[in-house]
Structures are given as structure tokens and as C-alpha cells.
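Order of the sequence lines fixes the chain letters, A, B, ..., with proteins taken first and strands second; residue numbering starts at 1 for each chain. All values below were derived from every heavy atom in this structure, side-chain atoms included, with hydrogens, water molecules and symmetry-related copies excluded. Bear in mind the structure is a predicted one, so any value in this text is a computation, not a measurement.
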2 protein chains.
Amino acid sequence: MVQILNLGSNKLASERVRRKYEARQLEILHAAARVFRRCGLAAAGMREIAEEADLSPGNLYHYFSGKDEILLFCQDRTLEHMLAAAKAAQRSAVPVAEQVRAVMRDHVHCMLDELEGATAHLEVEALPEELRKPVIKKRDAYEGAVRALVAKGMKRGEFAPGDASLVTRAMLGAVNWTARWYRPDGAQSVAEIAQSLSDYLVRGLGAAAPSTRAAAPSTRSARVAAASGVRK
Amino acid sequence: MVQILNLGSNKLASERVRRKYEARQLEILHAAARVFRRCGLAAAGMREIAEEADLSPGNLYHYFSGKDEILLFCQDRTLEHMLAAAKAAQRSAVPVAEQVRAVMRDHVHCMLDELEGATAHLEVEALPEELRKPVIKKRDAYEGAVRALVAKGMKRGEFAPGDASLVTRAMLGAVNWTARWYRPDGAQSVAEIAQSLSDYLVRGLGAAAPSTRAAAPSTRSARVAAASGVRK
DNA sequence: CTAGAATTCGAACTATGGTTCAAATTTTGA
DNA sequence: TCAAAATTTGAACCATAGTTCGAATTCTAG
């Protein structure tokens with residue numbers, strides 16, 4: 001994401017001030033993510049983001065070129081996270097069914113946990129053509145990774161044969177949709193939702209039932225650690 | 001939908017002109033639906049809707065109180081359609097699995113066929129609180145109908161036991177998501193998509209295979225195995 | 001045919017929200 | 001301590017898009 005986000009850091013000052021600058025950038029981005037999550041993307045105004053980040057509206061433009069760039073970061077960060085999770089699952093030594101389940105669980109966590117402004121990643125259309133392209137590319141890469149897992153399972157006979165592309169989109173739709181109906185004060189936890197949902201989605205692939213679960217680093221800390229390690 | 005949409009038809013003129021008036025209303029609504037579908041809801045401006053419907057921007061307000069009312073209609077119409085399909089499936093004398101498949105197929109058709117502006121039904125947040133309420137209510141009714149079908153299937157043992165509410169939301173997410181990725185010039189037809197998707201979604205319920213087999217679910221041992229270890 | 005109603009137009013109004021900017025304040029580095 | 005750089009402010013700018021309005025045109029009906 002750093003590649004995309006090379007802000008106007010041309011005339012770099014001393015190291016010390018640069019650190020502070022980038023730290024403040026991150027604070028602002030987290031604040032923005034919170035606002036995106038609270039209200040929708042459309043309803044989130046610069047003035048509101050500014051207030052959430054404790055600075056004046058105009059000052060936002062000292063750190064970002066505009067709203068688009070802020071949104072771009074949120075989307076990119078979310079996709080980067082999910083992509084890393086998919087790659088990690090791909091490498092793990094568990095049945096494909098469990099790999100897919102892991103990816104779906106991670107996706108749900110990414111959507112519903114408070115940390116990121118992941119809901120913003122659903123509204124790619126909001127970006128102007130220019131900025132949209134790299135996001136689309138990354139999103140396609142993620143979808144491709146999931147599809148590859150599904151296809152692998154089908155090829156190995158672990159899943160019933162079928163249209164991997166269509167089924168992948170169905171699964172992604174189901175998990176993305178959670179952002180619409182999930183309420184933090186609901187009956188079940190995010191982990192429970194992630195578990196049940198991924199079980200259902202993989203069952204539709206015609207896989208065997210999840211073996212009495214033993215494998216897969218499904219603890220939250222493990223996932224976060226794995227994901228953050230990828231980020232540079 | 002007529003109840004909600006009782007436009008300013010207070011001082012009704014002659015029957016003849018009223019017919020014409022309402023016909024023009026429908027034309028406009030269809031045009032709006034087309035624009036909603038083409039661009040997103042956000043990008044669809046009144047001026048663009050006006051052009052699509054072959055009248056001036058200002059003239060739109062002779063037929064509707066504003067953009068909200070137009071959007072309200074599209075959402076209401078779509079939901080009414082889906083609700084009717086759900087009710088119809090409920091009454092049909094086929095296995096529950098096939099009932100659910102029928103509802104999902106209808107839902108997909110409703111989303112992807114050119115006739116309606118169904119994509120708009122996904123953006124309920126765009127409406128002001130006042131108008132939103134009845135739409136939410138109808139949407140909940142539809143979701144409830146689907147959930148009832150799923151629960152019935154579970155109760156009868158035709159589906160594996162599970163969280164009917166969660167699974168229903170997953171299914172609806174998958175079908176709603178089609179509006180995001182479907183392209184009319186794609187490889188497969190809407191009907192094919194609807195078929196494959198509904199098959200996949202119902203398969204995840206632990207039902208018997210679609211057409212080839214009769215209503216009787218698979219062997220007891222298979223069902224038990226499928227349900228084991230998953231649920232909370 | 002003609003008066004009144006219905007329809008249509010398009011320019012102008014207005015509210016919203018992203019953005020700019022010049023000046024004030026704070027921080028940095030020597 | 002002081003000058004230059006960095007940060008911050010808040011008001012103002014401006015573009016978009018929903019909406020209003022009065023006048024012009026067309027249609028209906030007696």
C-alpha cells in the first residue's frame with residue numbers, strides 16, 4: 001500500500017518530523033475508517049472525519065490530497081489484509097476445505113472487527129477512474145486467489161465439480177454482505193458468525209464435513225500477526 | 001406498492017387524463033430504473049433521469065415529489081416482486097429444497113433482468129428515515145419468508161439443522177451480490193447463473209441433490225456426518 | 001372555438017460538501 | 001534565542017445536484 005500511497009513526500013525534512021507526520025497520517029486514516037464504518041461512505045464528510053481525528057477540515061489537506069486518497073488507502077489496506085490471509089491459507093498444510101474456511105473466516109473478521117474501515121472496500125465505484133484501477137486489480141487478485149483454492153479442491157475431488165468462478169463470487173457475496181446486517185450488540189460474536197458462515201459456504205461445495213477441528217491457526221492473534229508481517 | 005405511492009392525486013381530473021398521467025409516471029419510473037442500473041444510485045442525477053425519460057428536469061417534479069419518491073418506488077416494486085415469488089414458492093407442492101431454489105432463482109432474475117431497477121433495492125440507506133421505514137419493513141418480511149422456508153426444511157429433516165437466520169442472510173448476500181459482478185455480455189445467461197447459484201446455496205443446506213433425486217434426503221448417516229462438529 | 005386545466009420547459013435558486021488559501025501558531029534546528 | 005519550516009485554522013470558494021418557479025405551450029371539454 002505504501003507504493004500507491006506515496007504522498008507528496010518529495011522534499012523530506014528531518015527524520016524526526018517525518019515520523020511524526022506519518023504517524024499523524026495513520027491516526028487520521030484510522031479515524032476516517034471509523035467514520036466510514038459508522039455512517040456510510042457517502043454520508044461521511046470531510047468535516048466529520050476531521051472532527052473524529054481532532055483537527056480542522058482544512059488541515060486534512062495537509063496530510064492527504066483529498067477524500068479520494070483517504071478512501072483509497074482504506075480499500076487498499078483491507079484488500080492487502082485479505083490477500084495476505086488468502087496466501088497464508090494457500091500455504092498451510094490442511095485440507096483445501098479447511099483452507100477455504102480459513103479464508104472466509106478471515107474475510108468475515110476483516111469485515112466486522114472494529115480495526116479497519118473494511119466496509120469501504122465494497123464501494124469501489126466511489127473512486128475516480130485513475131485511482132480505481134489499482135484497487136480493482138488487487139481485488140481481482142484476491143478473488144482469483146479464492147477461486148484458485150476452490151478450483152484446486154474441485155480438481156482434487158475434495159469438492160464436487162462445478163463452476164469455480166460462480167461459486168467463488170457467491171461465497172464472497174455472502175461474506176461481504178455481513179457488513180450490511182451485522183450489529184455489534186447482536187446475539188452471536190463475530191467469531192461465531194465467521195465459523196458458521198464459512199462452514200455453510202464450504203458445505204455447499206460438496207466437501208466433507210470439517211473434521212473435528214484441530215488444525216489451522218484460527219486464533220485471532222495468529223491471523224493478525226501473519227497479516228501484519230506481510231505488510232512492509 | 002400503490003398504498004405507499006399515493007402521489008398528489010387529490011384533485012383528480014377526468015378519467016382519461018388520469019390514465020395518461022399514470023402511464024407517463026410508469027414510463028418515467030422505468031427510465032429511472034434503467035439509469036439506476038446503468039450508473040449507480042449515487043451517480044444517477046435527476047437531469048440524467050429526465051433525459052432518459054425524454055422530458056425536462058423540472059418536469060419530473062410534476063410527476064414525483066422528488067428523487068426520493070422515485071427511488072422509493074423502485075425499491076418497493078422490487079421487494080413486492082420478490083415477496084410474491086416467496087409466497088408462491090411457499091404454496092407450491094414441491095420439496096422445500098426446490099422451494100428455496102425457486103425463490104433464489106427468482107431473486108437472481110429480479111436482480112439481473114433488464115426490467116426493473118432492482119439494484120436500487122440494495123441501497124436502503126439512501127432514503128430519509130420517513131420513507132425508509134416501510135421499505136425496511138417489507139424487506140424484513142421477505143427475509144422472514146425465506147428464513148421460514150429454510151427453517152421448515154430443517155425442521156422436516158430435509159436440511160441439516162443449523163442457524164436458519166444466518167444461513168438465510170448468507171444466501172441473500174450471495175444473490176444480491178450478483179448485481180455487482182454480472183455483465184450482460186458475460187459467458188453465461190441469467191438463467192444459468194440463477195440455476196447454478198441456487199443449486200450451490202441449497203446444497204450448503206445439506207439437502208439432497210436438485211433434480212435427479214426424489215424428496216427423500218440422503219442417508220441418515222450422511223446427514224449426521226454433515227451436521228457433526230460444526231454447530232455451536 | 002375558447003377558457004381553463006394540464007403539461008412542459010429551462011433558467012435560476014439553494015443546500016451540501018469537497019477544496020483552497022492566506023494568515024496565525026507552533027515546532028524545529030542551529 | 002531566532003529565523004525558517006511545519007502545522008493548524010476557519011472562513012471562503014466552488015462545483016455539483018436536487019429543487020423551485022413563472023411563463024410558454026399543449027390538451028381537454030363544453
> Salt bridge check: are B:R101 and B:E98 linked by an N-O gap of less than 4.0 Å?
Replying inline: yes
> B:N59 has a side chain; which of C:dT7, D:dT8, D:dT19 sits nearest to it?
Replying inline: C:dT7
> For A:A50, which contact category applies under a 4.0 Å heavy-atom criterion: base, sugar-phosphate, or nothing?
Replying inline: nothing
>> Regarding B:G45, tell me which of base, sugar-phosphate or nothing describes its non-hydrogen contacts under 4.0 Å with the strands shown.
In response: sugar-phosphate
>> Based on the rotation axes of five pairs at each end, what angle does the helix from C:dC1-D:dG30 to C:dA30-D:dT1 bend through, to 10°?
In response: 10°
> For B:E69 and D:dT19, what is the distance between atoms CD and P respectively, to the nearest whole Å?
Replying inline: 10 Å
>> Heavy atoms from C-beta onward define the side chain here; which of C:dT8, D:dT9, C:dT28 lies closest to that of A:V17?
In response: C:dT28
> Taking it one step at a time, do A:Y63 and A:Y21 satisfy ring-ring contact (aromatic ring centres under 6.0 Å, His included)?
Replying inline: CA-CA 8 Å; A:Y63 293 94; A:Y21 179 83; 5.0 Å; yes
>> Between A:Q90 and A:K152, do the side chains contain a donor N or O and an acceptor N or O under 3.5 Å apart?
In response: no
> Does OP1 or OP2 of C:dT7 have a side-chain N or O of B:R24 closer than 4.0 Å?
Replying inline: no
> Taking only side-chain nitrogens and oxygens of B:R47, does any of them come within less than 4.0 Å of OP1 or OP2 of D:dA17?
Replying inline: no
> Picking from D:dT28, C:dT7, D:dG18, which would you name as closest to the side chain of B:R16?
Replying inline: D:dT28
>> Under 4.0 Å, counting only non-hydrogen atoms across every strand here, what does B:G66 touch: a base, just sugar-phosphate, or nothing?
In response: sugar-phosphate
>> I want to check one thing: is the phosphate of C:dT7, taken as OP1 and OP2, less than 4.0 Å away from some side-chain N or O of B:H62?
In response: yes
>> Taking the minimum atom-to-atom distance to the side chain of A:K20, which one of C:dT8, D:dT28, C:dT27 wins?
In response: C:dT27
>> For a quick check of understanding: with a heavy-atom distance under 4.0 Å over all strands, which category does A:L60 fall into, base, sugar-phosphate or nothing?
In response: nothing
> Is it true that B:H107 and B:Y142 have ring centroids separated by less than 6.0 Å?
Replying inline: yes
> With a non-hydrogen cut-off below 4.0 angstrom, is B:A43 in contact with a base, only sugar-phosphate, or nothing?
Replying inline: nothing
>> Looking at every heavy atom in both B:E48 and B:A43, which two are closest together, and how far apart are they?
In response: OE1-O, 3.8 Å
> What distance separates A:I70 CD1 from A:M46 CE, expressed to the nearest 0.5 Å?
Replying inline: 4.5 Å
> Is any side-chain nitrogen or oxygen of B:Y61 closer than 4.0 Å to OP1 or OP2 of C:dC9?
Replying inline: no
>> Nearest whole Å is fine: how far is C:dA5 P from B:E15 CD?
In response: 19 Å
>> Of the options D:dT28, D:dT7, D:dT9, whose atoms approach the side-chain atoms of A:S56 most closely?
In response: D:dT9
> How far does CG of A:D68 sit from CZ of A:R132, to the nearest 0.5 angstrom?
Replying inline: 10.5 Å
